[in-house]
Amino acid sequence: MAWKAIGIFDSGVGGLTVLKEVVRVLPQEDTIYLGDTARVPYGTKSPETVVRYSRQIARYLLGRDIKLLVVACNTASAVALSALQQEFDIPIVGVIEPGARAAVEATSSGKVGVIGTAGTIASSAYTKAIKRINPEIEVVSRACPLFVPLAEEGWVDNEVTRLTARIYLEELKLQGVDTLVLGCTHYPILKQVIAEAMGDGVTLVDSAEQTALTVARILGEQELLRPSVEKGNHHYFVTDIPAGFIRVGNRFLGGELGDVYQVNLEQELQDGGDGEETY
Ligand code: DGL
């Protein structure tokens, strides 16, 4: 029996933090990753634009016959998940709901902080998801856009990053949150600096870990899990030349990135052609 792959997409390289968790939890599964590097960042764009991009990518990945789609990008999950779920009939998992659930479980003070891109924070998607689970929880949120380039630059242990974290997180710290949701693909890379800035006693929730567990649960329920004796293959696609993705991606995945192919989404969707180049 040919087992289908799990599709995963992000605006760029950040979603590899989600892929890494999916592979850790489900090493037997094949994955197809698409990073929309030609159009990154999504975090500063309007919801309409992010929905349009996300639908194109979902159509492209469904064309590759995937069994489940993970929207690894927090911004796309925040604004496009329901549109995708309405349009396509395979399971589609975003990162917001799993992260929100983990935050609700982790908090004991009932005060949760959420950090993410401008788009994610403006959508209030995490706040709504947390309050759907427990309306009593108080949510304090803050956009931290500079964390994305800092993570891509590899400045994980650096004075500029520490200072940026202190400034961004000061208010959340003062408000006394005991749990902080890392609501952006890149933030797990900066976990240590963020933890330092928040101080002891604050639990950091990584949406990537929770999302991987959700994927495993759904595939299990639908009897779509590949037998665990197999070892999965991983394919990577990007929409711009792959050099930057390969450099940063290898850092995110600890040098484990395989071949990366460039695709032209518009062309692929128009004529189903194979405009792919390997790097
Ligand atoms: N992947 C995005 C997210 O998780 C961060 C990068 C971007 O703005 O596109 O929200």
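Just so you know, ligand 1 is whichever comes first in the structure, and atom 1 is the first atom listed for that ligand. Numbers for residues simply follow the sequence, beginning at 1. Everything numeric in this text was worked out from a predicted model, so none of it was measured.
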Practice problem: Give the minimum heavy-atom separation between V104 and T107, together with the two atoms involved. | Solution: O-CG2, 3.6 Å
Quiz item: Taking the inter-plane angle between the rings of Y60 and F237 on a 0 to 90° scale, is it parallel (under 30°), tilted (30 to 60°) or perpendicular (over 60°)?
Solution: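 Y60 vs F237 ring planes: perpendicular.
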Exercise. Determine the interplanar angle of the Y261 and H235 rings, folded into 0 to 90°, and report it as parallel if under 30°, tilted if 30 to 60°, perpendicular if over 60°.
Key: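 Aromatic pair Y261/H235 classed tilted.
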If we only count N/O pairs under 3.5 Å, is [X] in contact with ligand 1?
X    : result
A72  : no
T75  : yes
T185 : yes

Self-check item: Residue pair N74 / T117, side-chain donor-acceptor N/O under 3.5 Å
Solution: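 Absent: no donor and acceptor within the cut-off.
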Quiz item: Do Y126 and S207 have side-chain N/O donor and acceptor atoms under 3.5 Å apart?
Solution: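 Per modelled atom types, Y126 and S207 side chains form a pair under 3.5 Å.
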Quiz item: What protein heavy atom is closest to atom 8 (O) of ligand 1, reported as residue, atom name and distance in Å?
Solution: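 Among all protein heavy atoms, the one nearest atom 8 (O) of ligand 1 is G43 N, 2.8 Å.
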What atoms of ligand 1 come closer than 4.0 angstrom to any heavy atom of [X]?
X   : value
V40 : 9 (O)
Y42 : 7 (C), 8 (O), 9 (O)
S11 : 1 (N), 2 (C), 6 (C), 7 (C), 9 (O)
D10 : 1 (N)

Practice problem: Please list all pairs passing the ring-ring contact (aromatic ring centres under 6.0 Å, His included) test where one or both residues lie in residues 63-89, with sequence neighbours left out. | Solution: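 Pairs touching residues 63-89 that pass the test: none.
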Quiz prompt | Heavy atoms from other residues, nucleotides or ligands near CZ of R55 exceed 12 (cutoff 6.0 Å) | solution = no
Quiz item: What do you reckon, does C184 put a non-hydrogen atom under 4.0 Å from ligand 1?
Solution: yes
